[in-house]
Amino acid sequence: MEHPSDTQEAPSLVLRLAGPSTTKAGLSTEQTEINRIIAEASKGSKFYENEKRKDKEVTARIERILKLRDQAIKGVDMGKMEQKVDHLLEAIERERDLTQFIVHFDMDAFYANVELLDNPSLAGKAFGVGHGVLTTASYEARKYGVRSGMPGYIALKLCPDLIFVDLHMSRYSEVSKQIMGLFRQYDPNMLAASVDEAYLNITEYCMQHNLDPDECVGRMRQRVFDETKLTVSAGIAANKVLAQICSDKNKPNGQFHLPHNSEAIRDFMRGLPIRKIPGIGRVSERLLDSIGVKTCGDVYKCRGVLSLLDKQFGLHSMLRVHLGIASNVVQPGAREERKSIGSERTFRAISEKEKILQKLEDIAAELDDDMERGGWAGRTVTLKYKLDTYEVFTRAKSFNRWIRTKAELYEAGKELLQPEWPLRLRLIGLRVTKLKDLRKKDGGILKFLEPLPESPSKKSRAYDSDGQDSDVEYIEPDLEDDLNHNASDSEDELPTAAAEPRASTSGHRPPQMFASSASEIPSPSRPSKPRGTGPIGSTRVAVSEWQDQVSPKHRGLHMRDDDDCPVPKARSDPDKAPSASTSTTATVIECPLCTRPFTDNDELNAHVDWCLSREAIRSAQVEGDRNERSKPEVGAQHLKEWWKGGSVEGTAGSRKPKRRKLGR
DNA sequence: GCGGATCAC
DNA sequence: TATGGTGATCCGC
């Protein structure tokens with residue numbers, strides 16, 4: 001490790017140290033200087049050493065892939081290989097759906113601009129939000145290379161006059177709700193992907209109001225500005241992924257419409273850096289680069305090799321990337337799709353057993369609190385710890401009863417920690433999976449009139465066998481429930497996807513269907529494997545988004561009839577997108593959560609149940625701000641994951657798990 | 001079912 | 001003066 005030749009770091013390491021969001025600024029000559037400063041400031045730290053280690057692992061992985069490629073390429077008729085891929089491309093092209101107008105809204109430097117709003121004296125100044133690690137930075141600070149996720153002391157090296165501003169999470173969430181409420185008027189099925197991002201399908205709204213989509217989006221952005229003095233950027237395209245990429249195009253305070261036209265889309269994709277695709281991160285970018293894929297257009301040039309390395313890269317996914325085909329289904333996330341709940345914390349490295357156990361207890365208390373508030377129990381507990389070397393490990397244990405109290409969490413954690421001693425830790429965390437939704441019982445008119453999710457945490461304990469917080473064993477009332485997976489069986493609770501067939505253990509699949517076209521494609525047109533897609537490296541490329549199919553139901557300009565919101569009639573209601581003038585006849589009651597109007601009481605009740613369950617999750621994320629828990633500029637990946645479609649994938653690296661007994 | 005790894009935000 | 005937290009997914013065992 002201590003070679004004298006360490007004086008110069010690999011270019012890949014320098015990039016890695018620059019952080020994940022380095023792609024934003026592009027590669028100006030200044031950027032390389034910035035990266036050098038960052039690498040310089042990091043040098044010698046434990047963090048730096050760990051990054052170096054990981055960087056080397058990726059390099060080794062690349063070597064394995066190249067070796068594999070050279071092996072596979074022997075005696076192969078590349079022309080024929082490419083011909084096969086071309087047939088596959090034609091088949092995928094036939095799935096393209098250009099009928100829907102999908103919009104992705106993205107608030108500009110959300111936290112920073114809210115702070116600016118509340119403290120005008122910051123105008124024009126370079127400032128970062130957060131302490132320790134920045135959650136975001138003002139545009140002035142970004143000019144110096146200051147980015148979200150950057151440690152404060154490094155930001156100071158780049159920008160000595162940088163001002164540090166405190167986080168005000170509840171304020172951001174308040175503003176966010178206001179804006180989301182506005183958006184929802186244009187599409188009740190809007191997907192709030194995070195605090196500052198939303199996806200909408202404005203097709204129907206535009207039809208009904210005889211509006212051009214660009215015009216519509218322009219007005220929406222103007223309304224947001226009028227009502228909040230905040231600017232928002234937007235992307236308009238035929239599917240969610242394209243819309244997301246487009247919203248970045250004219251940021252800040254701009255919008256971009258990618259024509260609903262196959263040619264235009266492919267032209268657009270051709271020059272697009274592969275890294276822009278959601279799911280292609282720093283590692284995947286390097287792996288793809290090693291076989292010559294830098295842009296989405298390169299996918300076509302390299303289709304032969306990609307076909308040979310299907311297992312490693314997922315040919316089918318990559319072809320969808322190249323064509324710019326992805327899901328255009330927009331629907332809100334559902335509570336029942338939650339898969340885990342956890343809590344973790346970083347602290348100054350400690351090695352005393354008592355102190356570590358104290359941290360464990362703290363985390364157990366936090367998690368218990370969150371689980372209680374959210375109404376969750378679970379069967380598997382996973383302990384996570386990070387050594388002071390930054391190496392991360394997890395240890396898990398499954399139980400045949402539901403874990404839900406602080407004491408149970410703590411005991412499980414202690415047991416998992418037991419064999420690992422001695423340790424010197426800088427982080428400890430607990431996560432619970434195999435969840436059971438404690439709120440699902442008496443699903444019906446779920447406490448519509450009771451205090452909303454925010455209020456007294458006691459409420460959730462109502463489901464408790466006793467109100468006690470004691471560690472009385474909570475014996476599983478219905479064990480069969482758990483055998484049914486997710487216990488999501490017959491449910492009235494959450495209408496979302498209730499009618500959908502279940503796919504595997506992962507629970508419900510979005511309506512756009514899980515079965516990929518692979519099964520529909522004439523078998524000679526695709527490579528040997530039954531599943532025409534694979535991951536990049538050992539991680540399935542999160543290009544899963546590109547996997548799901550466009551639902552046939554979505555064809556046709558009119559209504560999407562797979563609406564899972566329990567308000568069937570609302571779909572054909574003229575007031576689906578309520579304008580001020582719409583409230584005519586009978587008494588109109590608004591949903592207290594999303595402000596959607598109703599005239600029928602039953603419909604309202606059903607809707608509120610549905611809305612509540614989503615709200616509960618949303619507030620659970622936001623509540624994180626107690627305890628100054630630092631959050632990223634946007635934090636709700638799970639919401640995002642929920643709409644990610646299909647999956648599938650192959651394998652990769654010959655990585656072998658190192659079940660190391662790590663001391664130190 | 002477990003553990004490591006990658007990714008998004 | 002010392003690089004975050006939550007959640008998801010996939011692979012190889």
Side-chain angles (χ1 to χ4, degrees), chain A residues 17 19-21 38 41-42 44-48 50-51 54 57-58 61 106 110 130-136 148-156 193-197 244 277-285 287 311-312 314 337-346 348-349 366-367 370 379-380 382-384 386 388 390-398 416 426-427 429 431 433-434 505-506 534-545 617 620-621 624 629-642 644 647-660:
Chain A
L17 289 166
S21 52
I38 295 173
S42 304
S45 68
K46 285 174 175 164
F47 177 83
Y48 175 89
N50 188 248
E51 291 298 298
K54 291 200 284 187
E57 282 178 12
V58 174
R61 206 164 136 192
D106 194 340
F110 187 50
H131 285 116
V133 172
L134 300 181
T135 61
T136 192
S148 73
M150 182 177 280
Y153 79 97
I154 289 192
L156 270 179
S194 68
V195 202
D196 72 340
E197 270 183 287
Q244 189 196 4
I277 304 301
I280 306 284
R282 286 180 297 170
V283 173
S284 299
E285 179 185 33
L287 299 186
K311 282 251 176 59
Q312 282 69 35
E337 308 215 6
R338 186 166 189 157
K339 306 258 187 317
S340 78
I341 179 169
S343 183
E344 65 187 61
R345 185 123 338 202
T346 294
R348 219 176 53 249
E366 285 242 12
L367 181 52
D370 289 347
R379 280 190 47 224
T380 301
T382 302
L383 168 80
K384 171 180 176 181
K386 192 189 283 182
D388 71 335
Y390 290 88
E391 291 169 288
V392 175
F393 300 87
T394 60
R395 297 289 179 263
K397 178 172 163 64
S398 293
L416 289 164
R426 72 184 329 273
L427 171 148
R431 178 161 299 274
T433 51
K434 302 294 152 60
T505 62
S506 63
I536 289 190
S538 66
T539 315
R540 170 181 143 254
V541 114
V543 180
S544 63
E545 173 51 27
I617 291 174
Q621 313 158 352
R629 177 183 300 183
S630 107
K631 288 247 182 182
E633 178 161 33
V634 278
Q637 172 59 11
H638 56 288
L639 283 178
K640 188 127 199 175
E641 287 300 322
W642 287 343
K644 283 201 172 178
S647 47
V648 190
E649 283 345 84
T651 124
S654 52
R655 177 161 316 261
K656 69 168 170 191
K658 24 180 166 188
R659 163 84 191 188
R660 312 168 47 178

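Values below: all heavy atoms of this structure, side chains included; hydrogens, waters and symmetry mates excluded. Below, chains carry the letters A, B, ... as their sequence lines are ordered, and counting in each starts from 1.
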Scan I154(A) against the nucleic acid and name what it touches under 4.0 Å (heavy atoms): base, sugar-phosphate only, or nothing.
base
Tell me the interatomic distance from K339(A), atom NZ, to dT6(C), atom P, rounded to whole angstroms.
19 Å
Out of dG7(C), dG4(B), dT6(B), which has the shortest distance to the side chain of R395(A)?
dG4(B)
Considering non-hydrogen atoms only, spot the tightest contact between G279(A) and S284(A) and give its length.
O-OG, 4.4 Å
Tell me whether the side-chain N/O atoms of S284(A) come closer than 4.0 Å to OP1 or OP2 in dT6(B).
no
Hits for ring-ring contact (aromatic ring centres under 6.0 Å, His included) against F47(A), two or more places apart or cross-chain, chain-then-number order -> Y390(A)
Per atom distances to the F393(A) side chain, the nearest of dG4(B), dT6(B), dG5(C) is dG4(B)
Remember a base hit wins even if backbone is also touched, and classify R426(A) as base, sugar-phosphate or nothing at under 4.0 Å, heavy atoms.
sugar-phosphate
For L367(A) and dG5(C), give me the distance from atom CG to atom P, rounded to whole Å.
14 Å
Under the side-chain contact (heavy atoms from CB on, under 4.5 Å) test, which residues partner K384(A), sequence neighbours left out?
E344(A), V392(A), T394(A), L427(A)
Does the base of dT6(C) carry an N or O that pairs as donor and acceptor with the side chain of S340(A) under 3.5 Å?
no
Interatomic distance, N50(A) CG vs dA2(C) C1' [rounded to whole Å]:
14 Å
Here the pair of heavy atoms bringing G130(A) nearest to L134(A) is O-CD2, 3.5 Å
Between P on dA8(C) and NZ on K434(A), what's the gap in Å once rounded to a whole number?
13 Å
Would you say the side chain of V58(A) lies within less than 4.5 Å of the side chain of R282(A), judging by non-hydrogen atoms?
no
Of the nucleotides dA5(B), dG7(C), dG4(B), which one has an atom closest to the side chain of E57(A)?
dA5(B)
Find the distance D388(A):CG to dG4(C):P and express it as a whole number of Å.
13 Å
Selected nucleotide, minimal atom distance to Y390(A) side chain, candidates dT3(C), dG7(C), dC2(B):
dT3(C)
Figure out the CZ/C1' separation between R431(A) and dG4(C), and round it to whole Å.
14 Å
If you only use heavy atoms from C-beta on, which nucleotide in dG1(B), dT9(C), dT6(B) is closest to the side chain of R61(A)?
dT6(B)
Between dC7(B) and dG4(C) - C1' atom distance, rounded Å:
15 Å
Among dG4(C), dG1(B), dT3(C), the one nearest S45(A) by side-chain distance
dT3(C)
Using a cut-off of 4.0 Å on non-hydrogen atoms, how would the nucleic acid contact of K397(A) be classed: base, sugar-phosphate, or nothing?
sugar-phosphate
Look at the side chain of T346(A) and decide which nucleotide, out of dA8(C), dG5(C), dT3(C), has an atom nearest to it.
dG5(C)
Indicate, with a heavy-atom threshold strictly under 4.0 Å, whether T382(A) touches base, sugar-phosphate, or nothing.
nothing
Starting at atom CZ of R379(A), determine the distance to atom C1' of dC2(B), rounded to an integer number of angstrom.
14 Å
Quick check: on DNA chain C, is the nucleotide nearest K384(A) upstream (toward 5') of the one nearest I38(A), or the reverse? Name the residue that is more 5'.
I38(A)
Taking every non-hydrogen atom, the tightest pair across R431(A) and G342(A):
NH1-N, 3.6 Å
Nucleotide nearest I341(A) (side chain, heavy atoms from C-beta), chosen from dG7(C), dG4(B), dG1(B)
dG7(C)
Below 4.0 angstrom, N of the basic side chain to O of the carboxylate: do K54(A) and E57(A) qualify?
no
Among dT6(B), dT3(C), dG5(C), which is the nearest nucleotide to the side chain of P151(A)?
dT3(C)
Calculate the interatomic distance between R282(A) atom CZ and dT3(C) atom C1'; express it in whole Å.
11 Å
Just to confirm, is there a sub-4.0 Å distance from OP1 or OP2 of dT6(C) to any side-chain nitrogen or oxygen of R338(A)?
no
If you check every side-chain atom of Y153(A), which of dG5(C), dG7(C), dT3(C) has the closest atom?
dT3(C)
